[in-house]
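We number each residue from 1, following the sequence as shown.
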Amino acid sequence: VQLQASGGGQVQAGGSLRLSCEASGRTFSRGAMGWFRQAPGKEREFVGGIMWSGGSTYYADFVKGRFTISRDSAKNAVYLQMNNLGPEDTAVYYCAAGGGLGTSDRWYDYWGQGTLVTVSS
């Protein structure tokens, strides 16, 4: 299983970005996909996730309604739409696949390589 994250880049505060994560090597119909991020000098943290079956989502509190996760089962892909970005959102963002929607990285078995998001003030 390979996860390919893309869509990162540099954006000004208040801007938006949409990250994509495409999975190959396996068709996902069960389990969950999660998004994590790691800022410089900080530990990796959970951003949010989505269940493949049913599409239920769960977000970290700091998302505050700014981020939306969606999935496209036909494309075996998930997306992270990020709006109203601030400098505090600067981080490498990772997607991950696992058997359940958990907030700990222990729940996830497969990880993408990460995509860098830089938000300037």
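E22 has no carboxylate O lying under 4.0 Å from a charged side-chain N of K75, or vice versa, which leaves the two without a salt bridge.
A distance of 5.5 Å separates OG in S73 from CH2 in W52, rounded to the nearest 0.5 Å. We find the CG-OG distance between N84 and S16 to be 7.5 Å, quoted to the nearest 0.5 Å. R37 CZ to T90 OG1: the interatomic distance, rounded to the nearest 0.5 Å, is 9.0 Å. One distance of note links CD of Q81 with CZ of R66; it measures 12.0 Å at 0.5 Å rounding.
Between R26 and Y110, the closest side-chain pair of non-hydrogen atoms falls below 4.5 Å. Put simply, the side chain of Q4 does not reach to within 4.5 Å of the side chain of S24, judged on heavy atoms. Contact check for M51 versus S56: side-chain heavy atoms found under the 4.5 Å cut-off. Side-chain contact between V117 and D89: absent, with no pair of heavy atoms (C-beta onward) separated by less than 4.5 Å. No side-chain heavy atom of N83 sits less than 4.5 Å from a side-chain heavy atom of F67.
Heavy-atom minimum distance, T103 versus Y58: CG2-CE2, 3.7 Å. Listed here is the closest heavy atom pair of Y108 and M33: CE2-C, 4.2 Å. Across all non-hydrogen atoms, the minimal contact from T57 to Y59 is OG1-CE1, 3.5 Å. The shortest heavy-atom contact between L85 and L17 is CD1-N, 3.9 Å. When all heavy atoms are compared, the tightest approach of L3 to Q113 is O-OE1, 3.5 Å. Taking all atoms of both residues into account, the shortest heavy-atom contact from I50 to L101 is N-CD1, 3.8 Å.
Relative to the ring axis of Y79, R71 does not place its NZ or CZ within 45° and under 6.0 Å from the centre.
More than 12 non-hydrogen atoms from other residues, nucleotides or ligands lie less than 6.0 angstrom from CD of Q38.
Partner of W111 under the ring-ring contact (aromatic ring centres under 6.0 Å, His included) criterion, out of W35, F36, Y93: F36 alone.
In this structure, the side chain of Q12 does not engage the main chain of S121 through any donor-acceptor pair within 3.5 Å. For T115 (side chain) and G8 (main-chain N/O), a donor-acceptor pair under 3.5 Å exists by modelled atom type.
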Decide yes or no on side-chain contact (heavy atoms from CB on, under 4.5 Å) for V63 and V47, but give the supporting numbers first. CA-CA 7 Å; V63 168; V47 174; 4.2 Å; yes
Given side-chain contact (heavy atoms from CB on, under 4.5 Å), test L19 with M82 step by step and report yes or no. CA-CA 8 Å; L19 307 184; M82 305 186 292; 3.8 Å; yes
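Applying the side-chain hydrogen bond (donor to acceptor under 3.5 Å, both in side chains) rule to R44 yields the partners D105; only residues at least two apart in sequence or on another chain are considered.
Y94 and V119 fall into different hydrophobic clusters, where Ile, Leu, Val, Met, Phe, Trp and Tyr residues are linked whenever their side-chain heavy atoms come under 4.5 Å apart, directly or through other members.
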